[in-house]
Amino acid sequence: MNTPAADGRAAVDFSRIKETSDGDTDFEKELFGVFLEDCEERLERLNEALTAGRLSEIQREAHTIKGAAANVGTTHLQEIAMHLEALADAEAPEGKTLASQLADEFARVKSAILDYLSTL
């Protein structure tokens with residue numbers, strides 16, 4: 001189910017992937033599969049970096065998630081990652097809040113993508 005965010009936005013803008021894939025559903029499956037796997041790994045590293053207070057790693061992982069999210073049409077995930085990337089202090093309380101929001105949004109995105117892939 002593609003549950004809308006509190007602001008009404010869908011988790012994924014599937015028109016973005018359809019445009020990128022030019023209708024090639026095998027490519028869509030591959031791209032989404034790589035995105036989900038990579039993002040899960042990056043979220044784990046991001047949380048480890050937050051726990052250890054390693055700001056440059058936090059920013060690097062958030063930056064990469066931001067770019068990947070943009071490529072597959074997950075605007076809200078992209079925006080949260082952008083705010084986390086801009087974090088100036090690894091000890092700032094908003095870092096943990098943003099990381100939690102990022103994880104929650106990724107779960108929503110993953111659910112929407114898996115639902116979409118089940119229709120291909």
Side-chain angles (χ1 to χ4, degrees):
M1 176 195 320
N2 199 358
T3 307
D7 64 4
R9 285 188 281 183
V12 182
D13 175 3
F14 290 105
S15 67
R16 174 87 170 125
I17 194 73
K18 289 175 191 244
E19 181 181 303
T20 302
S21 72
D22 198 30
D24 183 343
T25 58
D26 287 335
F27 180 67
E28 289 179 30
K29 290 175 186 176
E30 182 179 347
L31 186 60
F32 275 136
V34 168
F35 168 76
L36 292 174
E37 183 178 326
D38 183 64
C39 201
E40 285 177 343
E41 291 171 4
R42 290 193 180 281
L43 285 169
E44 287 177 26
R45 289 195 296 265
L46 179 76
N47 285 323
E48 290 169 5
L50 269 166
T51 299
R54 296 186 300 260
L55 183 60
S56 64
E57 286 182 50
I58 295 166
Q59 292 170 326
R60 181 177 56 247
E61 296 301 339
H63 175 79
T64 305
I65 291 169
K66 177 185 75 175
N71 287 335
V72 297
T74 58
T75 308
H76 193 58
L77 186 71
Q78 176 189 2
E79 290 170 359
I80 297 167
M82 179 183 66
H83 292 298
L84 191 54
E85 179 188 15
L87 195 65
D89 179 0
E91 301 299 320
E94 66 266 20
K96 289 186 182 196
T97 300
L98 287 168
S100 177
Q101 290 173 357
L102 193 66
D104 290 346
E105 183 62 12
F106 177 72
R108 194 171 76 93
V109 164
K110 181 178 179 179
S111 176
I113 289 171
L114 293 176
D115 285 350
Y116 173 77
L117 292 175
S118 73
T119 68
L120 298 182

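Predicted, not measured: the structure shown is a model, and the values here were computed from it.
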Output the distance between atom [atom1] ([X]) and atom [atom2] ([Y]), rounded to the nearest 0.5 Å.
X: E40; Y: F35; atom1: CD; atom2: CZ; value: 9.5 Å
X: Y116; Y: T25; atom1: OH; atom2: OG1; value: 8.0 Å
X: E41; Y: T64; atom1: CD; atom2: OG1; value: 12.0 Å
X: E61; Y: L50; atom1: CD; atom2: CG; value: 10.5 Å
X: L43; Y: F106; atom1: CG; atom2: CZ; value: 6.0 Å
X: T51; Y: I58; atom1: OG1; atom2: CD1; value: 9.0 Å

Using a strict threshold of under 4.0 Å (side-chain N to carboxylate O), is an ion pair present between E105 and R108?
yes
Under the side chain to side chain contact (heavy atoms under 4.5 Å, CB included) criterion, do I113 and V12 qualify, and how do the steps go?
CA-CA 7 Å; I113 289 171; V12 182; 3.9 Å; yes
Nearest heavy-atom neighbours spanning V109 and A11:
CG2-O, 3.7 Å
Quick one: closest heavy-atom pair of T75 and R9, and the distance?
CG2-NH1, 3.7 Å
L31 and N71: CA distance, side-chain angles, deciding distance, side chain to side chain contact (heavy atoms under 4.5 Å, CB included) verdict:
CA-CA 10 Å; L31 186 60; N71 287 335; over 6 Å; no
Hydrophobic cluster identity match, L84 and M82, side-chain contacts under 4.5 Å:
no
Assigning hydrophobic clusters by single linkage (Ile, Leu, Val, Met, Phe, Trp, Tyr; side-chain heavy-atom cutoff under 4.5 Å), is V34 placed with F27?
no
Counting distance only, does the side-chain N/O of S111 pair as donor-acceptor with the main-chain N or O of A107 below 3.5 Å?
no
With no hydrogens and no angle check, is any side-chain donor or acceptor of E28 less than 3.5 Å from a backbone partner on K18?
no
Taking everything shown except D89 itself, do over 12 heavy atoms lie less than 6.0 Å from its CG?
yes
Is it the case that atom NZ in K66 sees more than 12 heavy atoms from other parts of the structure closer than 6.0 Å?
yes
D26 vs E30 side-chain heavy atoms within contact, under 4.5 Å
no
Please tabulate, for side-chain N and O atoms in residues 94-104, each donor-acceptor pair with protein atoms closer than 3.5 Å (sequence neighbours left out).
none

